[in-house]
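Before any comments, here is the structure.
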Number of protein chains: 2
Amino acid sequence: MGRPAGGEPRYAQVAADLRAAIQAGDFGEGAQLPTENALCERYGISRFTVREALRRLQAEGLIRRRRGSGTIVASPDQVLRQPLSDVAELLQYAAESEFQFKDCGTITLSGPRAEELGVAGGSQWLHLTGLRRMSPGGAAVAVTEVYINPALAAHVPGLRPGPETLFQQLARAGGFRVRQVVQNISAMAAGNAEAAALGIARRAPVLRIVRVYSDENGRVVEISVSSHPGDRFTYSMHIDQ
Amino acid sequence: MGRPAGGEPRYAQVAADLRAAIQAGDFGEGAQLPTENALCERYGISRFTVREALRRLQAEGLIRRRRGSGTIVASPDQVLRQPLSDVAELLQYAAESEFQFKDCGTITLSGPRAEELGVAGGSQWLHLTGLRRMSPGGAAVAVTEVYINPALAAHVPGLRPGPETLFQQLARAGGFRVRQVVQNISAMAAGNAEAAALGIARRAPVLRIVRVYSDENGRVVEISVSSHPGDRFTYSMHIDQ
DNA sequence: GAGTGGTCTAGACCACGTG
DNA sequence: ACGTGGTCTAGACCACTCC
């Protein structure tokens, strides 16, 4: 039957359970996962639901599947892997790194900057700035500018660093859901402020990732602009077929 | 019944049909697509198959879906959108741009370069170099180095620019299938050769995309290294939920 | 041949958006 | 209230891998 239980679909619960087991090393790297039928029995659910859960894990790059061979735990790859095919994966990345920020008041986004971000020129935004590290005290992997819709001003003082991303906290506090994230990646020369924050040379190449978060009505609720040093960050993706 | 017809799954045929209709403008931008049930009747297939087809189009960013509202044609966005969640989407991008290349013989990949690409040091590769433009005669959006497994040397002279990507042509000629693509994106300063080919300043920031194509046995069949001028290229993705 | 994941059917109930 | 897409069941046949 199509009951979503406590609000979360059953496949999401199963996916979370398997993800935790994989990351806890219960299966081991390269090890075989239980077959679909075994998972059906273990959780008492249909194959459809098991497959939906496994589909998510595969999209995250946690598992690899092959007809005839089975499902195996993927080898955790190289540098900084940041897969991306739905919002849940963005959260995964956020939970693995450390983010510190400070409130910078209100800012008006002007001509070229507004155009770059795809917002109306002259519009007002709440402005935060932050630094992301892969480990506490480690080298910064990103400096981030965050712009928040002023309609959400009341909830900004309650924002906390932690496993929850800013947009998750905003969504919960503001009573909306993030429905779409558009992400643009480009290469540019570091500006003075970025170079100073990251400890790199001026005009050094940086990877700039702009994310625009919109809610169900198409309202832009948050924009984040992250600049990553070219030599400390690689955006990694994989496609399996 | 589970018959894959002429080799291509039915949902892929339906997806291709709908994709063609959307791109031909049969529905118009922002227009409503037929409902799932309507598509079931039109194609004489089950809802499962219709949903699998729509799932692909949604991942490509061609449509947006919402419970209660229906399915609409997404507005074609900004600059150069290169979505990516399975191999089929890589092909889409390739078909929309123009790629010219020339054969440069054999090359040995040495220490740091080999490490960057994740191949054995001292291994030999066939080397091609190419230029990609969004329109014939237009400005170059990328300079590309291609390395091909020497075991496929016999098929290299048959490679042709066109709507089919190099790895598609290699797979067909070599009788294998590309099973995995790993893609790494980083920012770096342009080298002398890249700067000259792209007509940009030396040390200008470029977006470097390294793609490693592997077949079903994990054998690396092709590696492509594309360098995009920072000011002419943006890698764009979207996530809908 | 046995077992895997991939495709597909014909149903069902549900949450959500729009009237 | 109604129709939409989202979740879910219990089956089935198929292509593929491995023994």
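A note on names: the letters A, B, ... follow the listed sequences, proteins ahead of strands, and every chain is numbered from 1. All heavy atoms count here, side chains included; hydrogens, waters and symmetry mates do not.
- Side-chain contact, A:Thr49 with A:Arg10: no donor N or O sits under 3.5 Å from an acceptor N or O.
- Between A:Leu39 atom CG and D:dC8 atom P the separation is 15 Å, expressed in whole Å.
- One can place CZ of A:Arg64 at 16 Å from C1' of C:dG6, the figure rounded to the nearest angstrom.
- In this structure, A:Arg113 forms no cation-pi arrangement with A:Tyr147, as its terminal cationic atom is not both closer than 6.0 Å to the ring centre and no more than 45° off the ring axis.
- The side chain to side chain donor-acceptor pair (under 3.5 Å) search around A:Asp17 returns A:Tyr43, not counting sequence neighbours.
- Atom-to-atom, CD of B:Glu52 to C1' of D:dT7 comes out at 15 Å; the value is rounded to the nearest Å.
- Nucleotide C:dC13 holds its P atom 16 Å from the CZ atom of A:Phe48, rounded to whole Å.
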Which protein N or O atoms sit under 3.5 Å from an N or O of nucleotides 3-5 of chain C?
residue, atom, partner, partner atom, Å
C:dT4, O2, A:Gly68, N, 2.9
C:dG5, OP1, A:Thr71, OG1, 3.2
C:dG5, OP2, A:Glu36, N, 3.0

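- Between B:Tyr11 and the phosphate of C:dC8, there is no side-chain N or O to OP1/OP2 separation shorter than 4.0 Å.
- In this structure, B:Glu41 places its CD atom 14 Å from C1' of C:dA10, rounding to the nearest Å.
- Rounded to a whole Å, the OH atom of A:Tyr43 is 18 Å from the P atom of D:dA10.
- At a cut-off of 3.5 Å, with distance as the only test, no side-chain donor of B:Ser186 or B:Arg208 sits close to an acceptor on the other residue.
- Side-chain contact check for A:Gln124 and A:Thr108: at least one donor-acceptor pair (N or O, by modelled atom type) lies under 3.5 Å.
- The main-chain N or O of B:Arg51 is never found under 3.5 Å from a side-chain atom of B:Glu36 such that the two would form a donor-acceptor pair.
- With hydrogens and angles disregarded, no donor-acceptor distance shorter than 3.5 Å links the side chain of A:Glu222 to the backbone of A:Ser214.
- Straight-line distance from the CZ atom of A:Arg55 to the P atom of D:dC8: 13 Å, rounded to whole Å.
- In summary, the side chains of B:Thr144 and B:Ser224 do not present any donor paired with an acceptor at a separation below 3.5 Å, with no hydrogens or angles considered.
- Each end of the helix from C:dG1-D:dC18 to C:dT18-D:dA1 yields a helix axis from five base pairs, and these two axes differ in direction by 10° (to the nearest 10 degrees).
- Figure legend: A:Arg219 and A:Phe176 shown as a cation-pi pair, the cationic atom lying under 6.0 angstrom from the six-membered ring centre and within 45 degrees of its axis.
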